[in-house]
Number of protein chains: 2
Amino acid sequence: MNINKPAPVVYLVDDEFSVRDSLRLLIESTGQTVSSFESAEAFLKSYDNKEPGCLLLDIRMPSMNGLELQEELLKRKISIPIIFLSGHAGIPDSAKAFRSGAVDFLEKPFDNEILLERIEEAIKKDIASRNLSNERLLIQNRLDALTLREHEVLSLVVCGYSNKEIAKMLGISNRTVEAHRARIMEKMQAESLADLIVMARHSEVLSSN
Amino acid sequence: MNINKPAPVVYLVDDEFSVRDSLRLLIESTGQTVSSFESAEAFLKSYDNKEPGCLLLDIRMPSMNGLELQEELLKRKISIPIIFLSGHAGIPDSAKAFRSGAVDFLEKPFDNEILLERIEEAIKKDIASRNLSNERLLIQNRLDALTLREHEVLSLVVCGYSNKEIAKMLGISNRTVEAHRARIMEKMQAESLADLIVMARHSEVLSSN
DNA sequence: CCGGGAATAGGTATTTATACGTATTGTTTG
DNA sequence: CAAACAATACGTATAAATACCTATTCCCGG
C-alpha cells in the first residue's frame with residue numbers, strides 16, 4: 001500500500017533561454033520541481049500528464065505559439081492549468097487565452113511574488129480537478145461493467161421507481177429486477193441506495209467546467 | 001397561472017453618449033431590450049436583478065470605473081455576466097476582469113457581430129445560472145423548514161443508513177425515525193428516496209463556480 | 001395560560017426489499 | 001463445441017419501510 005503521491009511539476013515553455021533559466025531559479029527556490037522546454041512541440045512530445053502541475057507558457061514563440069499550444073491541449077483534452085507570460089501581447093490574445101480557460105496572463109516584466117502565487121493557485125486547481133476526474137473515472141469504469149439490462153434497471157432505480165414499477169415497465173418479473181439490482185449494487189460497489197444514486201448521478205451530470 | 005417569463009435585458013454602462021446611442025441601436029436591431037446608464041453608480045441604483053441579462057461595461061469612466069463596478073457587484077453577490085468594452089486598456093485590466101469572472105473583454109473598435117454573439121452567450125449563461133440558483137433556493141427553503149431533529153435524520157438517511165441504524169444512533173425508537181422520515185419526505189416534497197438524496201446533496205455540494 | 005408544534009412512542013396491516021437457493025434459455029467466445 | 005455469462009423466472013423466509021391510527025411530554029409564543 002505504498003501510494004506514490006506524485007509531486008507537482010511546473011512546466012515552463014519559453015523559447016528564450018534566459019527566461020527559462022531565471023524562472024527556473026525563481027521557482028525552484030520555493031521547492032517546486034521545474035521542467036523547461038524551448039518550444040511548444042518539445043513540451044507536447046514529452047508531457048505525460050502523470051503528475052499534477054501547471055504550465056507557464058510564453059505567448060510569442062517561433063513555430064507553434066502559446067495560444068496554439070493551448071488549443072492543441074484543449075483538442076487533446078489535456079487540462080493542465082495555464083499561466084501565460086507575454087512580452088508584448090494585446091488584449092485580443094489575452095481575451096482569447098482567458099476564454100479558453102487560462103488561469104492568468106502576466107505581462108513581462110511581472111512581479112515574482114504574483115507569479116509564485118498564481119503557480120500555487122494553478123497547481124491547487126489542477127490537483128482538485130484531477131481528484132474529481134479520477135473519481136469520475138472510477139465510477140465510469142464500474143458503470144461500463146454493467147450490462148445493457150442492468151443499465152436500464154439502474155436508470156429506473158435512480159429515477160425513484162420501485163422494483164415493482166420497474167418490473168412492469170420492462171415487462172419482466174419482480175424477481176428478475178431484484179436480481180439485476182443486486183448485481184448492480186455489487187458491480188458498482190455501492191453499500192446503499194444512497195451510494196448508488198450519488199454515483200449514478202455523478203456520471204450523468206458532467207456539470208460545469 | 002400566468003407566468004411572466006421576463007425578457008432578458010442588455011445593460012449598457014458607458015459615460016459617452018455616442019457609444020450608448022450607437023450600441024443601443026445595434027443591439028435593439030436584434031430585438032433585445034437595452035437599458036443604458038451613463039455611470040456605474042446610476043446602474044447600481046436602478047439595477048434590480050429581476051430579469052436575466054448581461055452587462056456591457058466600459059472600463060474607463062469618471063468616478064467609479066468598470067473594474068470597480070465589477071468588484072462592487074461581486075461584493076453584493078450580483079452575478080450578472082459582464083462583457084467589458086475598453087478604449088485603451090492594458091493586459092493587467094483585462095486579466096483582472098477575466099479573473100473576476102468577466103465573459104469577455106473587447107477592445108474598441110470591435111466587430112459588431114462578435115459583440116452580438118458574446119451578448120447572446122452571456123445571456124444564455126445568466127439564464128442557466130439563474131435557473132440553477134432558483135432550484136437551489138427552492139431546495140434550500142425546504143431544508144430550512146426542517147426541524148433540527150429532522151435534519152439529523154436526513155443526513156443519516158442520505159448517508160445510506162437504515163431506519164433501524166438511525167434509531168440506534170440517535171437513541172430513539174424505530175417508529176420515531178419513521179415518523180421523522182415521513183415528515184421529511186413531505187416537507188421536502190420528495191416523491192422517492194432518490195429524489196430526497198438528490199435534493200439533499202444538491203445543497204451540500206455548492207460545487208463549482 | 002393555553003394552543004400548537006416538535007419529539008417521542010406504541011399498535012397493526014400492508015407493501016417492498018433482501019437474501020438465500022435453483023433453473024432455463026440464449027449469446028458469445030475461447 | 002463447451003464454458004461463461006446475460007437475462008429470465010420461481011420459492012421461501014426474513015427484514016425493512018410505509019400507511020394510518022393514537023398518545024404523551026415539553027417548550028414556545030400569542
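Within every chain, numbering begins at 1; the chains are lettered A, B, ... in the order of the sequence lines, protein sequences first and strands thereafter.
The shortest side-chain heavy-atom distance between B:Leu44 and B:Arg76 falls under the 4.5 Å cut-off. Between B:Glu165 and B:Lys168, the closest side-chain pair of non-hydrogen atoms is not below 4.5 Å. Using a 4.5 Å cut-off on side-chain heavy atoms (C-beta onward), B:Phe43 and B:Leu12 make no contact.
Rounded to whole angstrom, the span from the CD atom of A:Glu178 across to the P atom of D:dT8 amounts to 14 Å. The CG atom of A:Leu193 sits 7 Å away from the P atom of C:dT18 (whole-angstrom rounding).
Distances were taken from every side-chain heavy atom of B:Ser173 (C-beta onward) to each of C:dT16, C:dA17, C:dA9; the shortest belongs to C:dA9. Out of D:dA6, D:dA17, C:dA7, the shortest distance to the side chain of B:Glu150 is found at C:dA7. Of the candidates C:dA7, D:dT18, C:dT18, the closest approach to any side-chain atom of B:Leu148 belongs to C:dA7.
Residue A:His180 has no polar side-chain atom (N or O) positioned under 4.0 Å from OP1 or OP2 of D:dA6. The side chain of B:Thr176 places no N or O atom within less than 4.0 Å of a non-bridging phosphate oxygen (OP1 or OP2) of C:dT8.
Nucleic acid contact class of B:Arg175 (heavy atoms, under 4.0 Å, all strands): base. As judged by a 4.0 angstrom heavy-atom cut-off over every strand, B:Thr147 is placed among residues touching the sugar-phosphate backbone only.
Both A:Ile172 and B:Ser162 lie close to DNA chain D; mapped to their nearest nucleotides by heavy-atom distance, the more 5′-ward contact belongs to A:Ile172.
From A:Phe84, atom CZ reaches atom OG of A:Ser94 across 9.5 Å, with rounding to the nearest 0.5 Å.
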